[in-house]
Amino acid sequence: MPELPEVETIRRHLEAGVLGRRIVAARTLRGDLRRPFPPDLAKRIQGRRIELLDRRAKYLIVRLDHELALLIHLGMSGRILIGSTGDAIAKHVHFILDLDDGRRIALQDPRRFGLVDLVPTAALDAHPLLRALGPEPLAATLTGAALANALKGSKTSIKAALLDQRRIAGLGNIYVCEALFRSGISPKRAAGTVSGDRARKLVAAIKAVLKDAIAAGGSTLRDHRLPSGELGYFQHHFQVYDREGQPCPGCDCKGGIKRLVQGGRSTFYCAKRQR
DNA sequence: AACAAGACCTGCATGC
DNA sequence: TGCATGCAGGTCTTGT
C-alpha cells in the first residue's frame with residue numbers, strides 16, 4: 001500500500017490526534033509481522049508519552065519520552081487506525097496502543113509485510129533499515145544534479161532505479177509511474193542517461209506528484225485509510241497508473257496507456273510522450 | 001558489483 | 001457455487 005504520500009498523510013493525522021498522549025497499555029496480538037516484534041515491546045512502551053511523529057521515506061517514527069522511538073513500516077497492506085479502547089479488535093490487527101484519553105491506536109496489516117521496531121533515539125540514524133536509504137524526495141537538497149549523480153553509470157531502467165530506496169527513498173510503483181509520465185521520460189530508458197535538464201524535470205515531477213498526493217490524503221486502491229478511516233482520493237488523479245488501454249491524458253496516441261512488466265511489477269506509460 | 005528472481009502473506013477479481 | 005489462477009501500494013534474500 002503505502003508509499004511516501006500515504007505514510008505522510010498518516011503521520012499528519014496522528015500528529016494532530018495523539019501528540020502528547022501517554023500510552024497506558026500496549027499489546028501485540030501475534031509474535032511477528034515481516035520480522036518478530038521486539039522482545040517485551042508492550043512492557044517497554046507502557047507509560048511512555050508520544051512526543052513527536054516523524055517520517056523517513058516510508059517509515060513512520062513515533063518518538064516517545066525516555067529517548068525511545070517506535071519504527072513502523074506498513075508494508076503493502078498496513079493501516080494505522082484511531083479508535084477507542086472499548087472497540088472490538090478487528091481482524092488482522094496485530095498491535096495496539098491504548099492512550100490516556102481513552103483512544104486506541106491499532107496497526108492492522110492483513111499481509112503482514114509491515115514491521116515494528118523499538119529503538120533508542122540515539123541509534124535511529126544507524127538503524128540497519130534506515131542507514132542505507134537515499135535522500136528524501138521532498139528535501140531541498142534533492143536537485144536534478146543530485147539525482148543525476150545518484151543514477152550516474154547505472155544501466156538498469158529508470159523505473160527500477162527510482163524504486164531502489166538506496167538511490168531515492170520513498171517512491172513506490174504508483175508515484176514512479178506518475179512522475180515518469182509527468183516528466184516525459186520512458187520507464188525503459190537507462191537510468192544513467194537521465195541527467196541535465198531531463199533529471200531536473202524528473203525531480204520537479206517527483207516533488208509535484210508527491211505534494212499533490214499528500215494534499216489529497218494519498219491514494220486508496222484497496223487498503224490505505226487515514227487514521228480516522230477516511231479514504232485518500234489521489235487515485236482519481238492518476239494519469240497512467242492502472243489505466244491500461246485508457247486514453248492518454250496528454251496526447252492522442254494509438255491504443256492509449258500501455259502496460260509492461262519491469263522487475264516483476266507493472267509499469268504504466270505513454271509510448272509516444274515518454275522517451 | 002549490479003541486477004533479476006524468488007520469497008514472504010492475505011484478499012480480491014476473473015474465468016472455467 | 002466452488003475452485004484455480006493471477007495480481008496487488010514493499011523489500012529482504014538468494015542466485016547469476
Side-chain angles (χ1 to χ4, degrees), chain A residues 1-10 29-37 55-60 71-80 90-95 107-117 127-134 137 150-180 187-192 206 209-210 212-214 216-226 231-245 259-268:
Chain A
M1 162 191 71
E3 305 182 30
L4 187 154
E6 288 74 36
V7 178
E8 177 61 18
T9 297
I10 290 166
L29 299 171
R30 54 174 297 120
D32 62 355
L33 298 177
R34 190 170 91 212
R35 45 162 46 185
F37 284 107
R55 179 190 57 72
R56 173 74 172 103
K58 303 174 193 174
Y59 289 88
L60 186 66
L71 185 62
I72 299 173
H73 195 284
L74 297 174
M76 290 274 268
S77 60
R79 289 176 183 169
I80 290 182
K91 198 172 180 187
H92 303 307
V93 167
H94 310 303
F95 182 47
L107 170 63
Q108 184 179 43
D109 183 5
R111 292 174 74 177
R112 309 205 303 269
F113 288 170
L115 68 88
V116 176
D117 202 1
H127 194 286
L129 295 170
L130 302 183
R131 200 174 43 203
L133 290 174
L151 300 173
K152 197 166 54 184
S154 173
K155 293 164 95 163
T156 196
S157 68
I158 185 66
K159 165 77 189 305
L162 293 176
L163 286 174
D164 180 349
Q165 304 294 301
R166 294 168 301 187
R167 293 194 155 97
I168 177 170
L171 302 179
N173 208 29
I174 292 177
Y175 299 107
V176 165
C177 290
E178 294 295 319
L180 287 172
K188 293 185 270 193
R189 171 178 283 276
I206 288 169
V209 74
L210 294 179
D212 290 350
I214 291 167
S219 303
T220 298
L221 298 187
R222 279 171 276 282
D223 299 308
H224 171 59
R225 291 290 138 90
L226 311 192
L231 309 181
Y233 59 87
F234 190 71
Q235 66 279 11
H236 301 303
H237 300 283
F238 292 167
Q239 295 186 284
V240 290
Y241 185 81
D242 206 19
R243 291 177 52 87
E244 183 181 13
R259 185 180 88 97
L260 78 121
V261 175
Q262 293 175 290
R265 320 201 49 199
S266 290
T267 300
F268 301 90

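Because the structure is a prediction, the values reported are computed rather than measured. Letters go in sequence order (proteins before strands), and every chain restarts at 1.
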Considering just the side-chain nitrogens and oxygens of [X], establish if one lies under 4.0 Å of OP1 or OP2 belonging to [N].
X: A/R265; N: C/dG9; value: yes
X: A/S266; N: C/dA8; value: yes
X: A/S157; N: B/dC3; value: no
X: A/T156; N: B/dA4; value: yes
X: A/Q165; N: C/dG10; value: no
X: A/Y175; N: C/dG9; value: no
X: A/K155; N: B/dA2; value: no

Original post:
A/M76 has a side chain; which of B/dA4, C/dG9, C/dT11 sits nearest to it?
Top reply: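 Among B/dA4, C/dG9, C/dT11, the one nearest the side chain of A/M76 is C/dG9.
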Subject >> Listed nucleotide nearest any side-chain atom of A/R259, set B/dC3, C/dA8, C/dT11 >> reply: C/dA8
**OP:** Please state whether the rings of A/F234 and A/Y175 are parallel, tilted or perpendicular, taking 30° and 60° as the class boundaries.
**Re:** tilted
Subject >> For A/F113, all residues meeting ring pair (Phe, Tyr, Trp, His ring centres under 6.0 Å), sequence neighbours excluded >> reply: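 Listed in chain order: nothing, the list is empty.
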**OP:** Looking only at non-hydrogen atoms, find the nearest pair between A/E178 and A/V209 and report the distance.
**Re:** CB-CG2, 3.8 Å
Original post:
CG of A/L71 versus P of C/dG10: gap in Å, rounded?
Top reply: 17 Å
Subject >> Nucleotide-resolved protein contact map, nucleotides 7-12 of chain B, B/S/- at heavy-atom distance under 4.0 Å >> reply: -BBBS-
Original post:
Paired with B/dC9 by Watson-Crick or G-U wobble geometry, both distances under 3.5 Å: which nucleotide is it?
Top reply: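 Here B/dC9 is not engaged in any pair, so there is no nucleotide opposite it.
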**OP:** Please determine, for C/dT16, whether a Watson-Crick or G-U wobble partner exists with both distances under 3.5 Å, and give it or none.
**Re:** B/dA2
Original post:
Can we say A/R34 and A/D32 salt-bridge, meaning some charged N sits less than 4.0 Å from an Asp/Glu carboxylate O?
Top reply: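 Result for this pair is no, no salt bridge flagged.
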With the criterion being N/O to N/O and under 3.5 Å, what pairs connect the protein with nucleotides 13-16 of chain C, and how long is each?
none

Can you check whether [Y]'s main-chain N or O pairs, donor with acceptor, with [X]'s side chain at less than 3.5 Å?
X: A/R55; Y: A/A57; answer: yes
X: A/Q108; Y: A/H94; answer: no
X: A/H224; Y: A/G217; answer: yes
X: A/Q262; Y: A/K159; answer: no

**OP:** Assign A/R167 to base, sugar-phosphate, or nothing according to its heavy-atom contacts below 4.0 angstrom with the strands shown.
**Re:** sugar-phosphate
Original post:
Going by atom types only, do A/H127 and A/D117 share a side-chain donor-acceptor pair under 3.5 Å?
Top reply: yes
